[in-house]
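The structure appears below as structure tokens.
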Amino acid sequence: SAGNGSGFSFFSKKGEKKWSLASSYTEIPVITDKSLVFVSGSSLEKADFESGAVSASVDIEKSRYQKPEYFGGSVYINSGSDVLKINTESFEKEQVYTLPDPAVSNPYYYKGKLYTVNDKGTLLIYGKKNAEESAVAVSRGNPEGIDITASEGTVYFAGLKGELFAMSIE
């Protein structure tokens, strides 16, 4: 379970506390296959499921939207004006996606492509070679906190100001 930003506790199926971690965090943690990954200050940290010990850390730059996203053995996180792809086993940077403008969304990975929305309201789509493949306007005015998800060939966007967009990517 996650608390109020001041620590974590993990419980067994029987409801017994297995461990607690007093690290503070700034975004909702993400659960990977074997660990809990969270932002704490200026680092992305990995805590072991069995012991609760922080076993690895990666320095990140401050970014407005820094919720880690887990997809297929990697964690994606905004870091300054970049998106980092972190391998969850080694906890090392696998790839850096450099954005032309600050992100107003958390990164989203779907079918081999990275999706993020910049502060101009443009959806940026990156392929496997860190190359921007496409840029599509998805929000007008001042976009804020665009959340991204995808299903069955459609990417969906929801903004803090009540905007809702959908775009076919097939």
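Just the heavy atoms: all of them, side chains too, but no hydrogens, waters or symmetry mates, feed the values below.
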### Spacing of Ser74 atom OG and Leu114 atom CG [to the nearest 0.5 Å]
11.0 Å
### Query
Considering all heavy atoms of both residues, which atom of Ser55 and which atom of Asp48 are nearest to each other, and what is their separation?
OG-N, 4.4 Å
### Taking every non-hydrogen atom, the tightest pair across Gln95 and Gly127
NE2-O, 4.5 Å
#### Entry: Side chain proximity check, Leu124 to Asn118, heavy atoms < 4.5 angstrom
yes
### Message
Between Asn87 and Glu92, do the side chains contain a donor N or O and an acceptor N or O under 3.5 Å apart?
### Response
no
### Message
Can you tell whether the side chains of Lys18 and Glu16 come within less than 4.0 Å, N to carboxylate O?
### Response
no
### Task
Considering non-hydrogen atoms only, spot the tightest contact between Gln66 and Val39 and give its length.
O-CG2, 3.3 Å
### Query
Does Leu84 share a hydrophobic cluster with Val104, counting links as ILVMFWY side-chain heavy atoms below 4.5 Å and allowing steps through other members?
no
### Task
List the atom of Ile31, the atom of Phe49, and the distance in Å for their closest heavy-atom pair.
CG2-CZ, 3.2 Å
### Message
Are Leu99 and Val136 connected into the same hydrophobic cluster when the rule is that any two of I, L, V, M, F, W, Y join if their side-chain heavy atoms are below 4.5 Å apart?
### Response
yes
### Query
Less than 4.5 Å apart, any side-chain heavy atom of Pro102 and any of Ser81?
no
### Task
Under the side chain to side chain contact (heavy atoms under 4.5 Å, CB included) rule, what do Lys93 and Val58 come out as? Steps first, then yes or no, please.
CA-CA 8 Å; Lys93 294 177 191 175; Val58 173; 4.0 Å; yes
### Message
Quick one about Ser35 and Thr32 (side-chain donor to acceptor, distance below 3.5 Å, no hydrogens or angles considered), yes or no?
### Response
yes
### Query
When rounded to the nearest 0.5 angstrom, what is the spacing between CD in Glu132 and OG1 in Thr122?
9.0 Å
### Task
Would you tell me whether Asn106 and Tyr76 have side-chain atoms, one donor and one acceptor, within less than 3.5 Å of each other?
no
### Query
Would one find more than 12 heavy atoms of other residues, nucleotides or ligands at under 6.0 Å from atom NZ of Lys34?
no
### Pairs involving residues 82-102, ordered by first then second residue, that meet ring pair (Phe, Tyr, Trp, His ring centres under 6.0 Å) (sequence neighbours left out)
Tyr97-Tyr126
### Near-ring test Tyr70/Tyr109, centroid separation under 6.0 angstrom
no
### Query
Honestly curious: do Phe38 and Ile77 fall in one hydrophobic cluster under the side-chain, below-4.5 Å linking rule?
no
#### Entry: Any donor-acceptor N or O pair under 3.5 Å, side chains Ser105, Thr116
yes
### Within 6.0 angstrom of Glu50 CD, more than 12 heavy atoms from elsewhere
no
### Task
Would you kindly say whether Glu61 and Ser42 are connected by a side-chain donor-acceptor distance under 3.5 Å?
no
### Task
For residues Ser63 and Gly80, report the shortest heavy-atom separation together with the two atoms involved.
OG-O, 3.6 Å
### Message
Determine whether a donor-acceptor pair (N or O, by modelled atom type, separation under 3.5 Å) exists between the side chain of Ser51 and the backbone of Ala53.
### Response
yes
### Message
Grouping I, L, V, M, F, W and Y whenever their side-chain heavy atoms are under 4.5 Å apart, do Ile148 and Val83 come out in a common cluster?
### Response
yes
### Test log, rule side chain to side chain contact (heavy atoms under 4.5 Å, CB included), inputs Met167 and Leu123
CA-CA 10 Å; Met167 183 178 87; Leu123 168 68; 3.3 Å; yes
### Task
Calculate, to the nearest 0.5 Å, the distance between atoms CD1 and OH belonging to Ile125 and Tyr110 respectively.
12.5 Å
### Task
Kindly give the heavy-atom pair with the smallest separation between Asn78 and Pro107, and that separation in Å.
OD1-CD, 3.5 Å
### Message
Restricting to ring-ring contact (aromatic ring centres under 6.0 Å, His included), what partner residues turn up for Tyr156, sequence neighbours left out?
### Response
none
### Message
Tell me whether Phe71 shares a hydrophobic cluster with Ile86, the cluster being built from Ile, Leu, Val, Met, Phe, Trp, Tyr side chains joined at under 4.5 Å.
### Response
no
### Exceeds 12 heavy-atom contacts within 6.0 angstrom, atom NZ of Lys85
yes
